[in-house]
Every structure is written in structure tokens, then in C-alpha cells.
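These numbers were taken from a predicted model, which means no experiment stands behind them.
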Amino acid sequence: MSAIITELLLHQHDPMHFHASINPNKKKWHKAFATIYCSRAFLSTTAIAVVVDHHLPHLVKDKNLRQLSLLKGPHGVAAALKTNPLHGITGDDHDLAARKTAFGTNTYPFPPSKSFLHFVIEAFKDPTILILLACAALSLGFGIKEHGIKDGWYDGGSIFVAVFLVISVSSVSNFRQSRQFDKLSKISSNVLIEVVRSGRRQEVSIYDVVVGDVVCLNIGDQVPADGLFIEGHSLQVDESSMTGESDTVDVEICVNPFLFSGTKVADGYGKMVVTGVGMDTLWGEMMSRISKDDADEETPLQRRLNKLTSSIGKLGLAVAFLVLVVLMVRYFTGNTEDENGVREFNGKRTKADDVINSVVGIVAAAVTIVVVAIPEGLPLAVTLTLAYSMKRMMADQSMVRKLSACETMGSATTICTDKTGTLTMNKMMVTKFWMGKDSFEDGVNIGRSVVELLREGVGLNTTGGVYMSDEGVEFSGSPTEKAILSWAVAEMGMDMEEVKRGCEILHVEAFNSEKKRSGVLVKGDHEFHVHWKGAAEMILAMCSHYYDLEGEKKDLDDEERLQFNHIIQGMAASSLRCIAFAHKQSDEVNLETEKKIQEDGMVLLGLVGIKDPCRPGVKKAVEDCQYAGVDVKMITGDNVFTAKAIATECGILLPGQDQDGCVVEGAEFRSYTDEERMERVEGIRVMARSSPLDKLLMVQCLKRLGHVVAVTGDGTNDAPALKEADIGLSMGIQGTEVAKESSDIVIMDDNFASVVTVLKWGRCVYNNIQKFIQFQLTVNVAALTVNFVAAISAGEVPLTAVQLLWVNMIMDTLGALALATERPARELMEKRPVGRHEALISNVMWRNLMAQAVYQIGVLLVLQFGGEGLFGVSEKVKNTLIFNAFVMCQVFNEFNARKVEKRNVFEGLHKSKLFVGIVGVTVVLQVVMVELLNKFADTERLNLGEWGICVGIGALSWPLAWVVKLIPVPQRPFFSYLTFNKWRV
């Protein structure tokens with residue numbers, strides 16, 4: 001290898017000569033050496049006058065151990081990249097800029113977002129829009145031919161403008177929605193990675209990782225870039241995302257030091273040096289070709305609404321077809337007259353242009369009925385309310401990863417929550433230390449030999465770290481690790497670097513949620529030492545002796561063991577997490593035959609009690625859930641006494657409720673028969689010493705009983721339960737990347753109060769959709785009935801194509817925007833959860849919408865058949881009154897839709913500025929339509945008295961709604977009494 005390097009250095013100024021002098025088969029790897037060794041220059045120059053190609057990453061991609069050995073292994077590559085395995089890179093601005101320039105950034109190009117034009121084209125694909133455009137074109141052509149361009153463009157042009165407005169509003173809404181999803185997708189991809197720079201552990205964005213960085217890897221972490229393993233123990237990675245194989249792969253420095261971007265750490269811990277970032281990784285190449293189009297995800301509620309839309313559309317199509325047939329028959333039998341009272345069709349004497357023009361008008365009217373009948377606003381309302389709620393939830397510390405979770409959370413009946421960090425603050429501090437049977441709360445006064453062993457047990461058996469900075473001592477690792485490390489430094493004067501220098505770590509068994517302990521085998525002064533740390537009762541079970549205050553070893557008989565158990569239970573009852581340390585010395589260990597660290601005959605070093613106070617407001621949040629009919633269960637790995645103390649403090653467990661099967665341990669729950677589990681699972685409030693499989697088992701049991709289950713989780717092993725649950729909630733701070741990817745929603749602040757906020761927003765989404773359905777179906781029923789009755793009886797449609805398109809835009813787009821963006825109201829948390837199979841259109845909604853629809857139909861038909869005589873107006877003014885009154889009814893009914901059950905529809909109106917603004921805009925536009933755009937809308941100007949009549953007709957819907965809401969309705973859905981349940985979606 002030295003010959004290759006020498007040749008490189010001799011010919012680095014003459015690359016053409018160098019490449020000509022080597023075997024072509026080896027050229028690729030010579031270029032890799034050139035990249036690595038010449039890259040030393042990049043730190044000493046800002047210009048980076050180096051020929052950098054992309055063959056360095058191929059060391060990892062090709063898993064080529066032979067070529068790696070020529071480079072003196074991972075440490076040789078690290079040295080070539082000016083990386084210190086212990087202290088990392090310098091990490092200053094100049095260093096980072098130089099590395100990014102030389103090797104690229106850890107980003108990859110996303111597929112381009114959908115343009116506005118894409119959504120316009122999608123809107124034009126709607127068959128009804130195409131038919132209307134065809135009718136508009138024919139109407140425009142015949143109108144201009146008959147009346148000239150000055151007056152003949154009104155009918156066809158009006159339809160064109162109305163269709164254009166509908167398409168524009170729909171396209172803008174969908175385009176903005178798509179942009180928001182893209183933004184959220186980028187936020188969810190921005191993972192924090194722990195790196196070592198200038199000897200200090202720090203978290204940086206995955207996009208800021210550079211070649212040469214030393215990355216710390218723990219269980220559940222995502223490997224952020226391609227690289228080489230340089231230090232660690234028992235590291236196993238899940239490469240299924242790359243290879244499709246489910247088996248984990250062992251990572252060892254000599255046999256397999258290769259780590260790939262996008263894979264997950266399944267066990268152990270370690271450090272890696274980054275060799276390839278961004279598009280120089282297999283993951284980057286693969287992800288750049290994948291389009292993450294969450295905006296196209298169809299949620300269960302959207303599927304139910306599509307079914308409802310289809311049913312209403314078929315009904316509308318039938319009505320439109322009947323109207324078309326009736327109007328055609330009336331026209332061709334000579335039963336229709338024009339404005340001057342002249343018969344429109346006179347057989348052969350009628351011009352062909354007039355016939356075609358009349359037929360086009362009839363077809364346009366029928367098609368417009370279909371447009372009004374099909375509630376395309378329903379999918380738009382879902383999209384708007386989901387987008388709005390996702391945006392607001394992000395501000396409330398909850399990031400939605402899957403759209404369906406928004407609405408499903410509103411139906412949740414049970415929440416299974418973790419304790420640490422969710423119910424508690426995750427700010428841990430050692431408040432008590434037991435040495436033998438003596439306890440210390442301030443200061444530790446014990447034998448020097450035991451102090452040395454404790455320093456070893458803390459400093460070597462940890463995934464955390466201690467860093468001395470100008471500001472003082474900084475600690476890294478999990479909250480538990482940081483609490484123990486800070487205690488050891490403060491109370492026992494531990495110098496972590498000195499402890500590590502005196503010992504060589506031979507084998508490590510990393511902590512995970514199943515074992516609840518971690519162990520390390522070390523060699524020092526020709527002796528072997530085993531150190532274990534973990535859950536106190538589990539470590540105690542491994543011990544046969546203990547050290548007393550003077551440092552003397554004593555036997556641990558049954559009586560002594562019972563006393564220690566009482567000490568552990570006493571700490572747990574004080575809400576302390578109890579961690580024990582144990583040690584064993586051995587003169588000889590056969591590393592080849594002994595694959596596992598010894599677990600028996602240990603000597604108990606001591607116990608520490610760690611305080612993790614409950615979060616402020618968590619008790620109120622639990623009470624809110626319980627008041628809303630949602631059962632809260634705590635599932636924790638802590639022992640039963642700590643679990644009961646915290647659960648009581650949080651309000652999950654009432655005083656004296658720890659009997660009757662309310663509190664169980666994971667092992668006991670597993671031992672039940674299937675029938676016993678199904679019988680008892682609903683009564684369980686707390687499960688202690690649980691494993692991830694116990695959590696999964698509980699979720700499965702609850703779902704079989706018909707519950708909609710939400711589960712919180714932060715560990716890698718929580719992934720199965722998070723996936724099995726109806727709503728998986730992972731923790732943004734303590735959660736591993738595996739847990740986050742298995743979840744539906746990420747709780748950014750790890751706070752249970754944020755879980756309750758998600759519950760409120762979930763109910764809000766469902767409630768907003770129900771409001772809009774009630775509003776839209778009222779318009780559908782009224783418009784269809786009035787046009788149908790008028791067409792059958794009078795042979796004409798009182799609401800023209802343009803008017804119906806305007807009403808369609810009011811209810812579909814503006815109505816959806818107004819009602820779908822209402823914030824969660826207090827009364828949402830006063831209701832019981834919506835059942836898994838409960839009807840979307842409730843009896844209360846049917847009562848409200850039918851009452852309003854019947855009122856509107858009655859009023860409009862009275863105006864249709866008696867309006868001229870009643871108010872002494874012309875037919876044109878009468879038709880304008882019908883149109884205006886119909887729109888006013890929708891404006892006032894929009895207020896009624898705000899509260900499905902409550903009679904006071906104005907409650908909280910001052911907070912809904914968007915709603916008030918949209919209603920105001922609708923009224924202004926309606927005035928413009930009636931008073932200014934007469935020819936466009938085919939209307940006549942109305943005087944103040946006529947406006948008063950229209951507003952009065954609309955306003956009467958308020959007292960009507962108040963009275964109707966006094967009528968009780970049965971719980972059983974109306975349509976369940978029939979043999980079909982088409983409407984029960």
C-alpha cells in the first residue's frame with residue numbers, strides 16, 4: 001500500500017501519466033486512494049484544489065474489505081479524513097464549508113412538487129365540468145349568431161365565467177394543500193443526529209452531517225449516512241430498508257464495519273466515521289427517485305364520504321335526467337313560451353338554430369342540477385379541515401405523519417401511555433443513595449475501594465458521556481444516564497477519562513426495554529471485572545453478596561434480601577426510579593467460549609433513587625380525558641410500587657384503587673389465559689414491569705373488544721404496538737427513529753397534555769365534517785326538489801345554470817372553508833367518543849337538515865307559483881327573489897351548522913374570524929351578483945323592500961333551528977329501521 005501512496009504523491013501533479021501507468025482494472029481503486037489521500041489538502045486550503053471524485057463512498061457501497069485493509073482499516077480512513085476517532089472533526093465554519101465543498105452535503109433532490117397547472121388540469125378532468133364547458137361553447141356560439149357579439153355572449157359567457165371561478169377556487173385550494181404537505185414532509189425528515197465535534201457531543205440536523213463526522217449510534221437510531229464502524233459494542237443493524245431481509249446484521253470492525261444510510265440500529269451502540277453523504281449513498285440515490293405524495297393519501301373518512309358523494313350523485317343524476325326528459329317533452333310538444341308569450345317550438349317553422357339553442361339551454365340546466373347535486377365540496381371540506389388541523393397541531397407540538405390519524409384520534413376510546421417523559425418531566429436527578437442498609441441524601445461517605453468500583457460501574461457501563469467545557473461540566477446520553485453521571489461526578493469525584501484509561505472494555509450487553517439492564521466486561525491490572533446496572537429488583541436477583549458501609553463483602557441471605565426488597569419498595573413508593581449496581585471480579589475469562597457476560601454470583605454495590613417529577617398539568621389532562629369518556633392506562637417498565645405512586649399522583653389511579661385487578665405486572669398479564677385477559681383488560685389501569693410485547697398484547701385485546709386504541713411509545717421495541725394501535729403516538733424528544741417511523745403522530749414535546757390536544761383536534765376534524773355535511777345536504781335537497789317540482793309542473797327551472805353554479809361555489813368552497821376551519825370547542829370534550837361503526841350522519845343531523853330543507857322548499861315553491869301575485873312583481877323579479885332568498889337561506893343556515901346540537905349558534909363566534917369574514921364576503925358578492933351583474937347572472941335589481949323580504953326569509957331559519965333542536969331523537973339511526981342502509985356511511 002505504501003508503494004501506491006508513494007506513486008500517488010509522486011504523480012499527483014501529473015494525473016494523466018499516473019492513470020496511464022496503472023492497470024485499468026485497478027484504476028477505480030487508485031482513484032479512491034487519490035480521493036482519500038489527496039483530500040488531506042482540503043483542510044489547509046479554502047480553494048480545495050483537489051480532484052475529488054465519488055469513489056470514496058464505493059468503499060462502503062461495495063463492502064470491499066480487501067481495499068479497506070489497504071487503507072489501514074476504518075481508522076486509516078478516519079485519519080486520511082483528518083478525523084480523530086475520539087474527538088471527531090474540529091467542526092468550525094471553515095472546516096464544515098470545506099468538507100461540504102469537497103464531498104457534498106447530506107441532502108438529495110426531492111421530486112419536483114406538483115405545479116398549479118397540474119391542479120387546474122385535474123379540475124378540468126371532472127366530467128360535469130367538461131359537459132358544462134361544451135354547453136357553454138354551444139350556447140355562446142348560437143347566442144352570438146342570433147343576437148350578435150354585443151348581446152349574444154351573455155348566456156354562454158356567464159357559464160364560462162362561473163365554471164372558471166369554480167375551477168380556480170378548487171385549484172388554488174388543492175395547490176395550497178399540496179404545498180403544506182410538502183412543508184410538513186420536510187419537517188418530518190429533519191432528524192437530529194448526535195455527532196462528536198472538537199471532543200464534544202452535540203446534536204445536529206441530519207442535513208448538516210458531513211464526511212469525516214464521528215456519529216454516535218444507539219438502539220433505535222437511524223444511520224444518517226454511509227460510513228465505517230470505528231468503536232462500540234454489540235452493534236446490530238436492521239438493513240431491511242435496503243435489502244428487504246428481516247434478519248439483523250452484526251457490525252464488527254474487522255469482519256463487517258460497513259454502515260449504510262437509512263438503516264436502523266437494532267441493538268448495541270457504537271460510533272462511525274462518515275464516508276459518504278447525500279447522493280453518494282445508496283439511500284440517497286433511492287430516495288431521490290421516490291415521490292412522497294402524502295397529499296394523495298385517502299383517509300377512512302374520505303372513503304366514507306366518497307361513498308356518500310356517489311350515492312347523492314346517483315340521486316342527482318336521476319333527478320337531472322327526469323328534468324331533461326320533462327323539459328324536452330314540453331318543448332317539442334309546444335308547451336313552452338318565450339319572454340313575449342310566443343310559443344317556442346312550432347314544428348318545421350322553427351329555425352334549426354333556435355331548436356339547438358333551446359336544447360342546449362335545457363341540457364345546461366340539467367347538467368347544472370347534477371353539478372349542484374354532486375357534493376364535491378365534501379372531499380374539499382375534509383382536505384381543508386385536515387390541512388388546517390395539521391397546521392394548528394404542529395403549533396400545538398404534534399406533528400401528523402399520517403392523515404388518517406387526525407380523524408381516527410377523534411374516535412379514540414382508550415389511551416395507553418408511557419410514564420417516563422410523557423406523564424413525568426424526564427428531568428431526572430439522583431436524590432437518594434443506599435450503600436448496604438445505610439442511605440445518603442447529601443454527600444457519600446463510603447470505603448475507597450467501593451468508590452473505585454462504583455466509578456467503574458458508572459463510567460464504563462454507560463452510553464452517555466462527560467465533557468469539560470469553559471462553561472463547566474456537560475453530560476450527554478439519556479436522562480437516566482445523565483442523572484447518574486452527574487451524581488457520580490459531583491458526589492464521588494469521578495473522572496470519566498481517567499476511569500476509561502485504566503480499563504479495557506472487552507464485551508458489552510446494551511440496555512433495552514426487555515432486559516432492563518446493561519452489562520460490561522472489562523480488563524484492568526490483569527484482572528477481569530463484570531459490572532451490571534439496571535432495574536433494582538432484577539440486579540438484586542443476580543447478587544449473592546453485598547458491600548456494607550465500610551466496604552466489607554457480606555452474604556446476601558433470604559432475610560437480607562427481603563430487607564433490600566423493602567428498601568427498593570420504599571423508594572418506589574416515594575415515586576423514585578430505583579437503579580442498582582453490581583460487580584464481580586474474576587481472575588480469568590475465556591472470551592471465545594463465554595459469549596455472554598456472567599450474571600450470577602454478583603456483589604451488590606449500591607442503589608440509587610432517581611426522582612422524575614410529574615409534569616405540571618398532567619393530572620388535569622388525565623381528568624379531561626376521563627371526562628370525555630376516554631380511558632387512560634399507564635404501561636411502564638418501572639416496578640409496581642413506582643408505577644402505583646406515579647399513577648395515583650397523575651389521577652390515573654384513584655386512592656385505594658390498586659385492588660381488584662386495576663394494577664398488574666407484565667408477567668402476570670402474560671400468564672392469563674386468553675379468556676381471562678379479555679375479561680380483565682378493560683379494568684386494568686396500570687401495568688408495571690411490562691415488556692413491549694405486553695403492550696402489544698394489551699392493544700390487541702382492547703381492539704378485539706371494539707375499542708379505538710391510541711398508544712404512546714418511544715423505544716425501538718414499541719414499534720409493534722405503535723403499528724398495531726389505531727393511532728400510534730411516538731415521542732419527539734426521547735423517541736427513537738424506529739418508533740417515529742412506526743407512529744402516526746409525533747408528540748414533539750413528549751407531554752401527555754399534547755396527547756389530549758391531539759384528541760381535541762381529532763374530535764374537531766370529525767365534528768367539522770359533520771357540520772359541513774349537514775349544511776351541504778340541506779342545499780342539495782332544497783335545490784333538487786325546487787328545480788324538479790318547477791320543471792315538472794311549470795316546464796321551467798327557476799334557478800339558472802349560472803345561479804346554480806354560484807350557489808354551488810358558495811356551499812362547496814366558501815362553505816367548506818368557513819365550517820372546516822373552526823377551532824376545537826370546549827363541548828367537544830364533554831361528549832362520549834364516537835364509536836368505530838357509528839353513522840356519520842347522526843339522527844340529530846337528519847332532524848336539523850330535513851327541517852331546514854322542508855322550510856326552504858316550501859318558501860321557494862310559494863315564491864315560484866305565487867310570487868308574482870303575492871308581491872306584485874314581474875316574472876324576472878320573481879325569479880331573482882327566488883335566487884336571492886335561496887342564497888340568503890344558505891347564509892343564515894351556515895350559522896345554524898356551526899352548532900349541530902346546541903341552540904346558541906353564536907357561541908364563540910367572535911373567535912371564528914375566518915367564518916365571519918367568509919360570510920361577509922358571500923353577502924357582498926351576492927349583492928354584486930344581483931345589483932351589478934344583471935346580464936351575467938340573469939337577474940333584476942331589487943329594491944330595499946324586496947331585499948328585506950329575502951333577508952327575512954333567510955333569518956327565519958334561526959328561530960326554526962332553535963325550535964327544532966328541542967325535538968328529541970332516538971339513539972338508533974333512522975335508516976337502521978329500513979332493510980337497506982345506503983345512507984349509513
- Query: Parallel under 30°, tilted from 30 to 60°, perpendicular over 60°: which one fits the rings of F669 and Y672?
  - Reply: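 The rings of F669 and Y672 stand perpendicular, inter-plane angle above 60°.
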Establish, from distance only, whether the side-chain atoms of [X] and [Y] form a donor-acceptor pair under 3.5 Å.
X: H529; Y: H583; value: yes
X: N461; Y: S518; value: yes
X: E481; Y: T462; value: yes

So, are [X] and [Y] salt-bridged, with charged N and O less than 4.0 Å apart?
X: D694; Y: R670; answer: yes
X: E560; Y: K437; answer: yes
X: D495; Y: K500; answer: no
X: D624; Y: K620; answer: yes
X: E474; Y: R201; answer: no
X: K644; Y: D638; answer: no
X: R689; Y: E537; answer: yes

- Item | Partner set under side-chain contact (heavy atoms from CB on, under 4.5 Å) for D749, not counting sequence neighbours |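 If we apply the side-chain contact (heavy atoms from CB on, under 4.5 Å) test to D749, skipping adjacent residues, the hits are Q397, I747, N751, S754.
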Do [X] and [Y] have side chains that approach each other closer than 4.5 Å (heavy atoms only, starting at C-beta)?
X: E509; Y: W532; answer: yes
X: E497; Y: R501; answer: yes
X: S544; Y: D555; answer: no
X: I684; Y: C662; answer: no
X: L235; Y: F229; answer: yes
X: M602; Y: I539; answer: no

- Sort out for me which residue in T480, T642, D612 forms a side chain to side chain donor-acceptor pair (under 3.5 Å) with R577.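 One option only clears the test, and that one is T480.
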So for atom [atom1], which belongs to [X], do other residues, nucleotides or ligands contribute more than 12 heavy atoms lying within a distance under 6.0 Å?
X: K611; atom1: NZ; answer: yes
X: D558; atom1: CG; answer: no
X: K523; atom1: NZ; answer: no
X: M678; atom1: CE; answer: yes

- L217 CG to L259 CG distance, which is reported to the nearest 0.5 Å: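 Taking CG in L217 and CG in L259, the distance rounds to 6.5 Å.
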- Task: Under the ring pair (Phe, Tyr, Trp, His ring centres under 6.0 Å) rule, collect the residues that match up with F433, sequence neighbours excluded.
- Result: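 Residues passing ring pair (Phe, Tyr, Trp, His ring centres under 6.0 Å) with F433: W487.
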- Message: Testing the basics here: between A688 and N639, what is the closest heavy-atom pair and its distance to 0.1 Å?
- Response: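 Looks like CB-C, 3.9 Å.
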